Amino acid sequence: QAGQKGIMSFFQKK
Amino acid sequence: QVVDAIKDLVQDCNFDCNDSGIALQAMDNSHVALVAMHLKTEGFSQYRCDRNIALGVNLASLQKVLRAAQNEDLLTLKAEDAPDVLSLVFENSENDRISEYDIKLMDIDQEHLGIPDTEYGATVTLPSAEFQRICRDLMLISESVGIEATKEGIKFSCAGDIGSGAVTLRQNANVDKPELSTTIELQEPVALTFSLKYLVNFCKATGLSSTVTLSLSNEVPLLIEYKMEHGFVRFYLAPKIGD
């Protein structure tokens with residue numbers, strides 16, 4: 001989706 | 001109710017059982033949203049967990065089995081060490097019915113994401129049914145909603161092919177029915193855009209709590225929390241960015 005950020009650009013893998 | 005609330009967002013997930021209760025963290029398929037759930041031990045009439053264990057469950061399968069339970073049945077969940085199945089027992093104390101089901105477990109290699117502690121710019125608590133109504137109404141007009149928190153209140157606005165719409169909630173204290181109050185804690189003004197499809201999906205948790213709390217900061221995921229007496233369901237949704 002255009003303009004939709006992914007959650008992993010905010011929360012990093014543990 | 002918890003399974004109902006999340007089953008359309010995530011299909012397979014681990015129920016992480018440990019001393020503190022049963023927890024779950026999973027992203028949706030498109031990796032736009034994250035759900036985190038915790039059912040604390042205090043919420044169970046009996047809880048025993050000898051060893052930390054992850055129960056890999058297909059939520060659609062679990063839902064099928066849970067449908068076999070009556071509303072007032074006592075539910076017991078059991079799993080052995082290194083289990084192949086999760087056992088569910090439904091008991092009706094009135095007529096001594098005992099129903100026993102097993103669902104097959106699966107190995108789910110689920111990565112856990114670290115959620116940073118965030119000081120949110122705005123924290124808004126409102127009746128969960130009201131939030132659901134707003135999301136459903138606006139989704140008929142547009143696929144995105146702008147959420148703006150200012151000292152005037154919180155404004156949900158959208159624009160689509162047929163026109164536009166906006167709903168503004170002002171802070172309002174209902175002394176007789178606190179669950180109908182709207183409270184807004186504002187550190188700084190916040191304006192973000194989100195996909196309504198996800199918000200409407202999160203609203204399937206409405207039955208878990210009479211209120212919902214939205215926590216917002218510019219350029220970070222929205223946190224939507226449904227608090228239960230002994231636990232919570234939290235949804236995180238990544239924002240949309242401008243053209």
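A note on names: the letters A, B, ... follow the listed sequences, proteins ahead of strands, and every chain is numbered from 1. Here the structure is a predicted model, which means the values were calculated and not measured.
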For [X], does the [atom1] atom sit with more than 12 other heavy atoms under 6.0 Å from it, leaving out its own atoms?
| X | atom1 | answer |
| --- | --- | --- |
| B:D107 | CG | no |
| B:E42 | CD | yes |
| B:K204 | NZ | yes |
| B:K7 | NZ | yes |

Legend entry - Flag, side chain of A:Q4 to backbone of B:A238, donor-acceptor distance under 3.5 Å: yes
Inset, instruction - First locate atom CG of B:L34, then atom CZ of A:F10, and finally report the distance between them rounded to the nearest 0.5 Å. - result: 12.5 Å
Legend entry - Separation of A:K13 NZ from B:E111 CD (nearest 0.5 Å): 4.0 Å
Inset, instruction - Mind running side chain to side chain contact (heavy atoms under 4.5 Å, CB included) on A:Q12 and B:L113 for me, showing each step along the way? - result: CA-CA 5 Å; A:Q12 311 301 320; B:L113 299 183; over 6 Å; no
Inset, instruction - Compare every heavy atom of B:P221 with every heavy atom of A:F11, then report the nearest pair and how far apart it is. - result: CZ-CG, 3.9 Å
Inset, instruction - Looking only at non-hydrogen atoms, find the nearest pair between A:I7 and B:M27 and report the distance. - result: CG2-SD, 3.5 Å
